[in-house]
Chemist: 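First the structure, which I've put down as structure tokens, then a few questions once you've had a look.
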Amino acid sequence: MHTTVFVIYTAIVTIASLYPGSNENVANLDKVTHLLVYYIFAVFAYRMLANKKYYLHVCVGIIAYSGLIELAQHYVPGRDMSALDGLANIAGVVLGALVMKRKG
């Protein structure tokens, strides 16, 4: 069940991230949203894994995925590639990983 949730969440993040949008200025809220989305990603990844020794690898994969999404947004109308968004994504994964490892 946790794998299904992780895969569905990945699909939702992909669609939402690559859906053409407008360049409305939501700078501060935007970074918080990125952090929360990728924090949740890290939590779902932890719950999905039966063998937690691979968790760091999965987190690195999520960070790489977020980088690819940021690169792809350069080609989507109304979207911008942003290093600050990428940093917020990384911060979300790291925060999620720290919380889950501590609970673990």
Side-chain angles (χ1 to χ4, degrees):
M1 179 64 172
H2 293 295
T3 300
T4 302
V5 170
F6 182 81
V7 169
I8 290 170
Y9 189 77
T10 302
I12 291 169
V13 170
T14 303
I15 292 166
S17 297
L18 298 178
Y19 192 80
S22 63
N23 284 328
E24 295 175 15
N25 189 3
V26 290
N28 293 332
L29 184 58
D30 177 55
K31 302 311 175 245
V32 172
T33 302
H34 279 266
L35 185 131
L36 289 174
V37 165
Y38 283 87
Y39 172 88
I40 293 167
F41 228 141
V43 169
F44 285 164
Y46 187 84
R47 292 183 179 191
M48 171 190 70
L49 291 173
N51 189 341
K52 305 302 186 209
K53 76 177 186 176
Y54 297 111
Y55 184 55
L56 178 61
H57 295 56
V58 174
C59 286
V60 170
I62 294 169
I63 290 170
Y65 162 85
S66 80
L68 291 173
I69 289 291
E70 287 301 322
L71 288 172
Q73 285 181 342
H74 177 72
Y75 301 100
V76 177
R79 294 290 187 159
D80 292 320
M81 180 175 61
S82 167
L84 291 177
D85 287 351
L87 288 175
N89 297 346
I90 292 167
V93 172
V94 169
L95 182 61
L98 289 173
V99 168
M100 296 313 294
K101 286 299 235 177
R102 187 173 182 129
K103 286 182 105 175

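We count residues from 1, following the sequence as given.
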Chemist: Do any pairs count as a salt bridge (Lys or Arg N to Asp or Glu O under 4.0 Å) and have a residue in residues 82-93, sequence neighbours left out, and if so which ones?
Modeler: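 Applying salt bridge (Lys or Arg N to Asp or Glu O under 4.0 Å) to every pair that reaches into residues 82-93, excluding sequence neighbours, yields K31-D85.
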Chemist: Test of understanding: clusters of I, L, V, M, F, W, Y form through side-chain heavy atoms closer than 4.5 Å, transitively. Do L95 and L56 belong to the same one?
Modeler: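 Unlinked, L95 and L56 end up in two clusters.
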Chemist: Flag yes if V37 and L98 sit in one hydrophobic cluster, no otherwise; membership is Ile, Leu, Val, Met, Phe, Trp, Tyr, and two members link when side-chain heavy atoms are under 4.5 Å apart.
Modeler: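 Same cluster: V37 reaches L98 through Ile, Leu, Val, Met, Phe, Trp or Tyr contacts under 4.5 Å.
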Chemist: With sequence neighbours excluded, give me every side-chain hydrogen bond (donor to acceptor under 3.5 Å, both in side chains) pair touching residues 50-59.
Modeler: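 Residue pairs passing side-chain hydrogen bond (donor to acceptor under 3.5 Å, both in side chains), neighbours aside: none found.
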Chemist: Run the side-chain contact (heavy atoms from CB on, under 4.5 Å) test on V99 and V43 for me, step by step, so that the C-alpha distance in whole Å, both residues' side-chain angles and the decisive distance to 0.1 Å come before the verdict.
Modeler: CA-CA 8 Å; V99 168; V43 169; 5.9 Å; no
Chemist: Who passes ring-ring contact (aromatic ring centres under 6.0 Å, His included) against Y39, sequence neighbours left out?
Modeler: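 Checked Y39 against ring-ring contact (aromatic ring centres under 6.0 Å, His included); zero matches.
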Chemist: The criterion is side chain to side chain donor-acceptor pair (under 3.5 Å); which residues satisfy it with T14, sequence neighbours excluded?
Modeler: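 Once residues adjacent in sequence are excluded, the partners of T14 under the side chain to side chain donor-acceptor pair (under 3.5 Å) criterion are Y65.
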Chemist: What distance do N89 atom CG and T33 atom OG1 have between them, rounded to the nearest 0.5 Å?
Modeler: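 Here the interatomic distance stands at 11.0 Å.
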Chemist: Do Y19 and V76 have side chains that approach each other closer than 4.5 Å (heavy atoms only, starting at C-beta)?
Modeler: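 A side-chain contact under 4.5 Å is absent here.
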Chemist: What is the minimum heavy-atom distance between A97 and C59, and which atoms define it?
Modeler: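 Closest heavy-atom pair between A97 and C59: CB-SG, 4.0 Å.
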Chemist: I'd like to know whether I90 forms a side-chain contact (heavy atoms from CB on, under 4.5 Å) with Y38, so could you lay out the CA-CA distance, the side-chain angles of the two residues, the decisive distance to 0.1 Å, and finally the verdict.
Modeler: CA-CA 7 Å; I90 292 167; Y38 283 87; over 6 Å; no
Chemist: To the nearest 0.5 Å, what is the distance between NE2 (H34) and OG (S66)?
Modeler: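 Here the interatomic distance stands at 9.5 Å.
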Chemist: Do V5 and M48 come within less than 4.5 Å of each other through their side chains, counting heavy atoms only?
Modeler: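 Side-chain contact under 4.5 Å: no.
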Chemist: Considering only Ile, Leu, Val, Met, Phe, Trp and Tyr, and joining two whenever side-chain heavy atoms are under 4.5 Å apart, list the other residues clustered with I8.
Modeler: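 Besides I8, the hydrophobic cluster comprises I12, listed by chain and residue number.
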Chemist: Measuring from I40:CD1 to L35:CG, what's the distance to the nearest 0.5 Å?
Modeler: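 So the gap between those two atoms works out to 10.0 Å.
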Chemist: With a 4.5 Å cut-off on side-chain heavy atoms, are P20 and R79 touching?
Modeler: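 No; the side chains remain at least 4.5 Å from each other.
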Chemist: Is there a side-chain contact between L18 and Q73 (heavy atoms, below 4.5 Å)?
Modeler: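 They are in contact (side-chain heavy atoms under 4.5 Å apart), so the answer is yes.
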Chemist: What pairs of residues pass the side-chain hydrogen bond (donor to acceptor under 3.5 Å, both in side chains) test when at least one of them lies in residues 3-13, not counting sequence neighbours?
Modeler: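 Pairs touching residues 3-13 that pass the test: none.
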Chemist: For the atom pair CE (M81) and OH (Y75), what is the distance rounded to the nearest 0.5 Å?
Modeler: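 Nearest 0.5 Å value for the CE-OH distance: 7.5 Å.
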